[in-house]
Number of protein chains: 2
Amino acid sequence: MTTATSSRELAHPAREEIRLESVLHALSDPMRMQVVRELAQAEGELSCSYFDLPVTKSTTTHHFRVLRESGVLQQVYRGTAKMNGLRRDDLAALFPGLLDSVLDAAAREERRLADG
Amino acid sequence: MTTATSSRELAHPAREEIRLESVLHALSDPMRMQVVRELAQAEGELSCSYFDLPVTKSTTTHHFRVLRESGVLQQVYRGTAKMNGLRRDDLAALFPGLLDSVLDAAAREERRLADG
DNA sequence: TGCCTCGTACGATACTCACCGTACTACGAG
DNA sequence: CTCGTAGTACGGTGAGTATCGTACGAGGCA
């Protein structure tokens, strides 16, 4: 039997409903930024449990919801797992170059702080 | 007599102290985003009172402080006025392209919502 | 059927933040 | 010196939020 996508539905903002303000707010949390960066590197979907965040499951759920409701992520259930993917196309259509420059900025800052 | 810069000093983060997280947080407020956008268009320094924000003076002071402490703005007293300038060079050095893509994103969103 | 895992829901807590009003300081102009 | 303007400091308020723990639901697997 094929692993069917569950019927449980999740509310996502449509492309036109995504707001820059909400996206920037979502990205201004280090926990959420880390999720977005790993997701960008992975170039595919990752389950919530893939991420090893230093917070409890409840808090993890909260952060993923913020990312989804701001339009940064799309989420879909697959069995018990919830798969997460970056909404690259929607973000690129609305805010060209934004996601890439934010990811680049995060990478540069990490390098800069590591080198001392 | 030349209008001398006052001796009153304001604390600014050094370039190396600027954090992406704080910058994104500063820009995730519509009031502050508006200030940054006007400042970017003006291509120079503007006093706090130049901005006609729909909040009281106290709140305006608060927002400018957030922008200064996050490293987005530099501020200097000139007489009774406090002049504000974007820290373009510092931001461009740390996060190349970030400021421009955020400004572009804000402009696009404004156009998009206006056209309906 | 029963168990395990993944993730949710809910309530509680502590903190941050956007906002206000009032009282105050700093500076320039008359 | 006096007055007006620009902005600050401070205290308070209500909303949001990052966090936790515990209890629960959904789905795969034995």
Side-chain angles (χ1 to χ4, degrees), chain A residues 1-12 19 21-36 39 45-70 72-85, chain B residues 1-12 19 21-36 39 45-70 72-85:
Chain A
M1 164 161 68
T2 52
T3 309
T5 294
S6 161
S7 60
R8 283 183 286 172
E9 290 296 332
L10 289 162
H12 289 77
R19 293 291 171 271
E21 177 186 333
S22 306
V23 170
L24 293 180
H25 172 251
L27 296 175
S28 72
D29 180 280
M31 221 65 91
R32 295 192 289 258
M33 176 65 86
Q34 185 183 331
V35 167
V36 170
L39 223 34
E45 293 191 327
L46 295 174
S47 71
C48 289
S49 58
Y50 170 88
F51 301 89
D52 192 27
L53 304 179
V55 291
T56 62
K57 279 196 300 176
S58 322
T59 306
T60 302
T61 295
H62 160 70
H63 285 306
F64 275 102
R65 183 173 48 233
V66 172
L67 286 169
R68 170 169 46 85
E69 292 180 347
S70 68
V72 176
L73 298 189
Q74 76 229 349
Q75 297 187 300
V76 62
Y77 285 106
R78 198 157 305 157
T80 59
K82 192 190 211 172
M83 304 306 292
N84 302 275
Chain B
M1 160 164 72
T2 53
T3 309
T5 293
S6 160
S7 60
R8 282 185 285 172
E9 290 296 331
L10 290 161
H12 288 78
R19 292 293 172 271
E21 177 187 332
S22 306
V23 170
L24 294 179
H25 172 250
L27 296 175
S28 72
D29 180 279
M31 220 64 91
R32 294 191 290 257
M33 177 64 86
Q34 185 182 331
V35 168
V36 170
L39 223 35
E45 293 191 328
L46 295 175
S47 71
C48 289
S49 57
Y50 169 88
F51 301 89
D52 191 28
L53 303 180
V55 291
T56 63
K57 278 197 302 176
S58 323
T59 305
T60 302
T61 296
H62 160 69
H63 285 307
F64 276 102
R65 183 172 49 234
V66 172
L67 286 168
R68 171 169 46 84
E69 292 181 348
S70 68
V72 176
L73 298 189
Q74 75 229 349
Q75 296 187 299
V76 62
Y77 284 106
R78 198 157 305 156
T80 59
K82 191 189 210 171
M83 305 305 291
N84 302 275

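Because the structure is a prediction, the values reported are computed rather than measured. In what follows, every chain begins at residue 1, and chains take the letters A, B, ... in the order their sequences are listed.
In this structure, NE2 on A/His12 lies 6.5 Å from CD on A/Gln74, to the nearest 0.5 angstrom.
Side-chain N/O atoms of B/Ser49 include none lying less than 4.0 angstrom from OP1 or OP2 on D/dT5. For B/Arg32, a side-chain nitrogen or oxygen approaches OP1 or OP2 of C/dA18 to under 4.0 Å. A close approach under 4.0 Å does occur between a side-chain nitrogen or oxygen of B/Tyr77 and OP1 or OP2 of D/dT8.
Taking the side chain to side chain donor-acceptor pair (under 3.5 Å) definition, one finds that A/His63 meets it with A/Arg32, sequence neighbours left out. For B/Glu45, the salt bridge (charged side-chain N to carboxylate O under 4.0 Å, His left out) partners at least two apart in sequence or on another chain are B/Arg78. B/Gln75 pairs by the side chain to side chain donor-acceptor pair (under 3.5 Å) definition with B/Arg68, B/Asn84, not counting sequence neighbours. Residues passing the side chain to side chain donor-acceptor pair (under 3.5 Å) test with A/His25, sequence neighbours excluded: none. Every residue two or more places apart in sequence or in another chain was checked for a side chain to side chain donor-acceptor pair (under 3.5 Å) with B/Thr80, and none qualifies.
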Side-chain donor-acceptor distances from residues 47-55 of chain B under 3.5 Å, at least two apart:
unit_1: B/Ser47; atom_1: OG; unit_2: B/Ser49; atom_2: OG; d: 3.1
unit_1: B/Ser47; atom_1: OG; unit_2: B/Tyr50; atom_2: N; d: 3.2

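In this structure, A/Met83 places its CE atom 14 Å from P of D/dG28, rounding to the nearest Å. In this structure, the CG atom of B/Leu10 is 13 Å from the C1' atom of C/dA26, given to the nearest Å. Separating the CZ atom of A/Arg78 from the P atom of D/dG28 is a distance of 12 Å, rounded to the nearest angstrom. Atom-to-atom, CD of A/Glu69 to P of D/dA18 comes out at 12 Å; the value is rounded to the nearest Å.
Listed by residue number, the members of residues 21-31 of chain B with any heavy atom below 4.0 angstrom from DNA chain D form an empty set. For the segment residues 51-68 of chain A, residues with any heavy atom less than 4.0 angstrom from an atom of DNA chain C are, sorted by number, A/Lys57, A/Ser58, A/Thr61.
Within the 4.5 Å cutoff, side-chain heavy atoms of B/Leu24 are placed close to those of A/Met33.
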